[in-house]
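All figures in this text were calculated on a predicted structure; none of them were measured in a lab. If you read the sequence from its start, that first residue is 1, and numbering goes on from there.
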Amino acid sequence: METWQRSDFDFLINNAGIGIHAQFIETTEAQFDQLVNIHLKGTFFLTQKLLPLIKDGGRIVNISSGLTRFSLPGYSAYASMKGAIEVLTRYLAKELGSRKITVNVIAPGAIETDFGGGVVRDNKQLNDVIASQTALGRVGLPDDIGGAVASLLSDDNGWINGQRIEVSGGVNL
């Protein structure tokens with residue numbers, strides 16, 4: 001508060017997450033609970049706790065996954081959590097509309113980061129396979145997602161609300 005000379009803030013980006021790859025039949029309750037706690041419970045209650053500090057007219061952006069639109073074996077629990085985030089986003093958009101707070105969700109495709117141990121970034125064969133299934137012919141980079149989030153935070157996009165915006169370069173079209 002002293003550094004910024006204010007007691008509120010403009011934007012909340014809910015981006016915490018982990019990846020667990022496990023077939024439905026092999027997913028343990030402990031893995032499921034970990035996904036719930038980080039992806040859904042964390043987003044839900046952090047947003048609830050910070051809501052009094054978000055200024056009217058502010059923005060919330062949640063992070064989902066392309067895996068809510070298409071299915072790959074081994075991601076049923078992970079994608080279920082991200083699907084829940086997409087539903088939560090719509091409800092928050094409706095409930096926070098009176099405060100002019102917009103709430104949207106970005107759904108990235110595969111991105112070259114440390115996520116999941118960096119497998120998309122570090123495994124050339126996997127990277128090439130994903131790139132071949134993407135209309136723009138490559139895997140995403142962190143700046144591809146950052147730019148989309150920044151766009152949703154701008155005043156120019158204040159009329160976008162309650163939307164799922166996939167940022168995947170056109171994977172699995």
Distance, nearest 0.5 Å, that separates [atom1] of [X] from [atom2] of [Y]:
X	Y	atom1	atom2	answer
L40	L35	CG	CG	10.5 Å
F9	L53	CZ	CG	5.5 Å
I60	T89	CD1	OG1	9.0 Å
N14	I85	CG	CD1	7.0 Å
S168	L67	OG	CG	10.5 Å

Any chance you could pull the hydrophobic cluster mates of [X], using side-chain heavy atoms under 4.5 angstrom and chaining through other members?
X	answer
V61	F11, I13, I63, I106, I111, I145, V149, L152, L153, I160, I165, V167
L136	none
L173	none

Inset, instruction - May I ask you to decide if T28's main-chain N or O and Q31's side chain share a donor-acceptor pair within less than 3.5 Å? - result: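 Pair found, side chain donor or acceptor close to backbone of T28.
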
Inset, instruction - Scan for salt bridge (Lys or Arg N to Asp or Glu O under 4.0 Å) pairs involving residues 142-161, sequence neighbours excluded, and state none if there are none. - result: R138-D144

Legend entry - Contact list for residues 90-109, test salt bridge (Lys or Arg N to Asp or Glu O under 4.0 Å), sequence neighbours left out: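 Listed once each, the pairs are D56-R99.
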
For residues [X] and [Y], report the shortest heavy-atom separation together with the two atoms involved.
X	Y	result
G83	T68	N-CG2, 3.5 Å
A77	T27	CB-CG2, 4.1 Å
I18	I20	CD1-CD1, 3.9 Å
S64	P108	O-CD, 3.4 Å
T134	G169	CG2-O, 3.2 Å

Just to verify, what does [X] make a side-chain contact (heavy atoms from CB on, under 4.5 Å) with, not counting sequence neighbours?
X	answer
V119	N123, L126
K55	R6, D8, D10
S151	N157
T102	R59, N104, N161

Legend entry - Validation row: V36, M81 side chains within 4.5 angstrom (heavy atoms): yes

Inset, instruction - Could you give me the CA-CA distance, side-chain angles and deciding distance for R69 and V171, then say whether side chain to side chain contact (heavy atoms under 4.5 Å, CB included) is met? - result: CA-CA 10 Å; R69 180 178 58 83; V171 70; 4.0 Å; yes

Between [X] and [Y], is there shared hydrophobic-cluster membership here, with clusters defined by ILVMFWY side-chain heavy atoms closer than 4.5 Å?
X	Y	answer
L46	L88	yes
V87	V103	no
L92	L51	yes

Legend entry - Over 12 non-hydrogen atoms of neighbours within 6.0 angstrom of CD in Q125: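 Not buried by this count: 12 neighbours or fewer within 6.0 Å.
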
Legend entry - Residues which pass salt bridge (charged side-chain N to carboxylate O under 4.0 Å, His left out) with E86, listed by chain and number, not counting sequence neighbours: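 Per chain and number, E86 pairs via salt bridge (charged side-chain N to carboxylate O under 4.0 Å, His left out) with R164.
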
Legend entry - Listed partners of K124 passing salt bridge (charged side-chain N to carboxylate O under 4.0 Å, His left out), at least two apart: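 So K124 forms a salt bridge (charged side-chain N to carboxylate O under 4.0 Å, His left out) with D128.
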
Inset, instruction - Starting from the C-alpha separation in whole Å, work towards a yes-or-no answer on side chain to side chain contact (heavy atoms under 4.5 Å, CB included) for E112 and N127. - result: CA-CA 8 Å; E112 291 184 1; N127 191 298; 2.7 Å; yes

Legend entry - V120 and T113: CA distance, side-chain angles, deciding distance, side chain to side chain contact (heavy atoms under 4.5 Å, CB included) verdict: CA-CA 7 Å; V120 172; T113 66; over 6 Å; no

Legend entry - Qualifying ring pair (Phe, Tyr, Trp, His ring centres under 6.0 Å) pairs, either residue in residues 23-62, two or more places apart: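 Pairs touching residues 23-62 that pass the test: H39-Y78.
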
